[in-house]
Amino acid sequence: MVTIRLYDTGARQIRDFVPLRPGCVSIYLCGATVQAPPHIGHIRSGLNFDIMRRWFDHRGYEVTFVRNVTDIDDKIIAKSAGQGRPWWSIGYENERAFNAGYDALGCLPPTYEPRATGHVPEMIEMMRGLIERGHAYEADGNVYFDVSSFPEYLRLSNQELENLLQPSGEGETGKRDPRDFAMWKAAKPGEPSWETPWGRGRPGWHLECSAMAHKYLGSAFDIHGGGLDLIFPHHENEIAQAKAYGDDFATYWVHNAWVTMSGEKMSKSLGNSVLVSEMCKRWRPIVLRYYLGTPHYRSMIEYSEEALREAEAAFARIEGFVQRAGELAGHPVEPAAEVPLAFAEAMDDDLGVPQAIAVVHTTVRQGNSALAADDKEAAVARLAEVRAMLGVLGLDPLDEHWAGESESGEDLHGVVDTLVGLVLQQREAARARKDWATADAIRDQLGQSGLVIEDGPQGPRWTLGPR
């Protein structure tokens, strides 16, 4: 296997990836908490790890990818009470919205996608083991983790226990130390609950992931992922529970950065979120994937309409070459078996997508030069390379996932092509009789309609221009 290198949050450096099992990679990603439909900040995490998963697959690894669904938590319960709806109805509705968003942006489905509420027996078993080992205790129907019993606590976030302010929820009574965190919360009237040896209650957020990772990936796995905001308290508490239970847990910790707006993390509570469902009405999903997926996963993305327009224009250049080269070839051109070396080196180096996409654009420019020279062999070769690279990034416009998607987001391309073709015939007739003024006027009028006309060896062709 070629060496892939990843930035490990725990080590605070880029490390060579060495799998626990040769040729295999196991990934656990903290997925959606389904109290609301996803905004583009939510979906970025799934997209970044989709690219990671695709690259490992391209490099020949057998990938097991687990992305959980947190379908019970304080916010879901609060919304249930406020809206007078069952908690499970809110959770399921938003779970479907997340899956629709992942699918719209071309994310491959995970190997397993467990719901928290489906794994209460595993959580009870883990709590029982932690209590027996002296790492947890019951109080007033709650079960708490004793942070002083675990010397490695806070190594991931590099904090000092003496300075810790542990987030605490309502009803968390009976703590021996205010820094201890809840694994299980005692039942309250009207709230969902499950029976346990310590009384009825519901799981704490952190316990869910420790239990599900153990069930699906075993006592040790390769990569645990999530957003930067999860490092503390969520991932710290996951580590404490799992390792105190006896698991080795994750070997590498990989965190993606946020999508921000005016310098603030995009979030529902701040009122600055942009829903994926709304964005997909205004922008082609493949353009949205380009916008969210091509910055480095550890770099913040500052949301702006201008940046999206730039992404749209950049992808249009790639897509235009793919279409023109395919027309010149006259037959389907399959992706190359291997990606260019520079692209592979960029991806191996901590998933360097910005450098990798630069290789794509360089190859597109080479392909356009071949088209201009009517060099069919070179153009087709570059097309095969471009398709291979775009496939790794989930951005190949010829992939069946994007089939039927037109520039407007609706299947109107054929209709527009026929109408524009009639106008272009009139333009060609004007050019043939050397009526340059009429030919230019037709081109300019089409341009004012948002169409870009390009004259090439195979005749004129049209594309939608940037907004």
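- Put simply, the side chain of Val359 reaches to within 4.5 Å of the side chain of Met389, judged on heavy atoms.
- Under the 3.5 Å distance criterion, the side-chain polar atoms of Thr294 are matched with a main-chain donor or acceptor of Tyr290.
- Using a distance-only test at 3.5 Å, with no hydrogens or angles considered, a donor-acceptor pair links the side chain of Asp177 to the main chain of Arg179.
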| Given the rule in the side chain to side chain contact (heavy atoms under 4.5 Å, CB included) test, do Ile72 and Ile77 qualify, once you have shown the distances and angles that lead to the verdict? | CA-CA 7 Å; Ile72 185 70; Ile77 293 171; 4.0 Å; yes
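- If you check the side chains of Glu236 and Ser157, you find a donor sitting under 3.5 Å from an acceptor.
- Listed for the Thr111 side chain is a donor-acceptor partner under 3.5 Å among the backbone atoms of Phe65.
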Q: Would you check, one step at a time, whether the test side-chain hydrogen bond (donor to acceptor under 3.5 Å, both in side chains) holds for His255 with His235?
A: CA-CA 11 Å; His255 292 92; His235 288 165; 2.9 Å; yes
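- Side-chain polar atoms of Glu302 and Thr260 form a donor-acceptor pair below 3.5 angstrom.
- One finds no salt bridge joining Lys175 and Asp180 here, because no Lys/Arg side-chain nitrogen approaches an Asp/Glu carboxylate oxygen to under 4.0 Å.
- Thr251 and Asp222 share no donor-acceptor pair across their side chains, judged by distance under 3.5 Å alone.
- For the pair Arg282 and Glu305, the salt-bridge criterion is met [side-chain N within less than 4.0 Å of a carboxylate O].
- Atom CD1 of Ile124 sits about 12.0 Å away from atom CE of Met183, to the nearest 0.5 Å.
- When atom types are taken as modelled, the side chain of Arg12 and the backbone of Leu156 share a donor-acceptor pair closer than 3.5 angstrom.
- Side-chain N or O atoms of Asp50 include one that pairs as donor or acceptor with a backbone N or O of Leu108 at under 3.5 Å.
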- Starting from the C-alpha separation in whole Å, work towards a yes-or-no answer on side chain to side chain contact (heavy atoms under 4.5 Å, CB included) for Leu288 and Cys280. CA-CA 8 Å; Leu288 193 55; Cys280 286; 4.2 Å; yes
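- Taking the centre of each ring, Tyr245 and His214 come in below the 6.0 Å mark.
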Quiz prompt | Verdict with reasoning, Tyr137 to Ile131, per side chain to side chain contact (heavy atoms under 4.5 Å, CB included) | solution = CA-CA 6 Å; Tyr137 58 94; Ile131 290 173; 5.8 Å; no
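- Salt bridge annotation for Arg202-Asp74: present, with a cationic side-chain nitrogen under 4.0 angstrom from a carboxylate oxygen.
- In this structure, Arg21 places its CZ atom where only 12 or fewer heavy-atom neighbours from other residues, nucleotides or ligands lie under 6.0 Å away.
- In this structure the side chain of Gln13 reaches within 4.5 angstrom of the side chain of Arg15, judged on heavy atoms.
- Between the side chain of Lys79 and the backbone N or O of Ile90, no donor-acceptor pair lies under 3.5 Å.
- Note on ring orientation: taking the six-membered ring where Trp is involved, the planes of His206 and His234 are tilted (angle from 30° to 60°).
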Discussion item. Please evaluate residues Leu47 and His42 with respect to the criterion side chain to side chain contact (heavy atoms under 4.5 Å, CB included), reporting the C-alpha separation (whole Å), side-chain torsions for both, the decisive distance (0.1 Å), and the verdict.
Written reply: CA-CA 9 Å; Leu47 202 160; His42 291 134; over 6 Å; no
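- For the pair Arg67 and Tyr102, the cation-pi criterion (under 6.0 Å, within 45° of the ring axis) is fulfilled.
- We find the OG-CG distance between Ser210 and Asn237 to be 8.5 Å, quoted to the nearest 0.5 Å.
- For the atom pair CD of Glu319 and CG of Leu398, the computed distance is 8.5 Å after rounding to the nearest 0.5 Å.
- Ion pairing between a basic and an acidic side chain is recognised when a charged N comes within 4.0 Å of a carboxylate O; Glu306 and Arg309 show no such pairing.
- Atom CZ of Phe150 sits in a crowded spot, with more than 12 heavy atoms from other residues, nucleotides or ligands closer than 6.0 Å.
- No side-chain heavy atom of Arg54 sits less than 4.5 Å from a side-chain heavy atom of Leu393.
- Between the side chain of Arg44 and the backbone N or O of Ala257, at least one donor-acceptor pair lies under 3.5 Å.
- In the model, Ser45 has a side-chain atom that pairs as donor or acceptor with a side-chain atom of Asn256 under 3.5 Å.
- Within a 6.0 Å radius of CH2 in Trp194, more than 12 heavy atoms belonging to other residues, nucleotides or ligands are found.
- There is a side-chain donor-acceptor pair under 3.5 Å between Tyr144 and Asn142.
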_Between Trp87 and Asp71, is the side-chain hydrogen bond (donor to acceptor under 3.5 Å, both in side chains) condition met? List the steps._
CA-CA 9 Å; Trp87 61 272; Asp71 59 342; over 6 Å; no
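- Using a 4.0 Å cut-off between a side-chain N of Lys or Arg and a carboxylate O of Asp or Glu, Glu208 and Arg115 do not qualify as a salt bridge.
- No donor-acceptor pair closer than 3.5 Å links the side chain of Tyr153 to the backbone N or O of Ile239.
- Considering Trp253, Phe49, Tyr252 as possible partners of His224, the one that fulfils the ring-ring contact (aromatic ring centres under 6.0 Å, His included) test is Trp253.
- Proximity of a side-chain donor or acceptor of Glu138 to a complementary backbone N or O of Gly141 within less than 3.5 Å is detected.
- Within 6.0 Å of CD on Gln83 lie more than 12 heavy atoms contributed by other residues, nucleotides or ligands.
- For the atom pair Leu292 CG and Ile43 CD1, the distance stands at 9.0 Å (nearest 0.5 Å).
- Residues Arg298 and Asp350 are paired through a salt bridge, judged by an N-O separation under 4.0 Å between the basic side chain and the carboxylate.
- The number of heavy-atom neighbours closer than 6.0 Å to CZ of Phe232, taken from other residues, nucleotides and ligands shown, is above 12.
- Thr3 and Asp16 form no side-chain donor-acceptor contact under 3.5 Å, judged by distance and modelled atom types alone.
- In this structure, a donor-acceptor pair under 3.5 Å is absent between the side chains of Thr33 and Asp73.
- A salt bridge does not link Glu93 with Arg96: none of the charged nitrogens is closer than 4.0 Å to a carboxylate oxygen.
- One finds the CD1 atom of Ile318 at 10.0 Å from the OG1 atom of Thr363 (value rounded to the nearest 0.5 Å).
- For the atom pair CG (Leu20) and CG (Asp248), the distance works out to 8.5 Å, reported to the nearest 0.5 Å.
- A distance-only check finds no donor-acceptor pair linking the side chain of His119 to the backbone of Glu122 [under 3.5 Å].
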Which is it for Phe17 and Phe56 under the ring pair (Phe, Tyr, Trp, His ring centres under 6.0 Å) test, yes or no, and what are the steps along the way? CA-CA 11 Å; Phe17 175 73; Phe56 273 114; 5.0 Å; yes
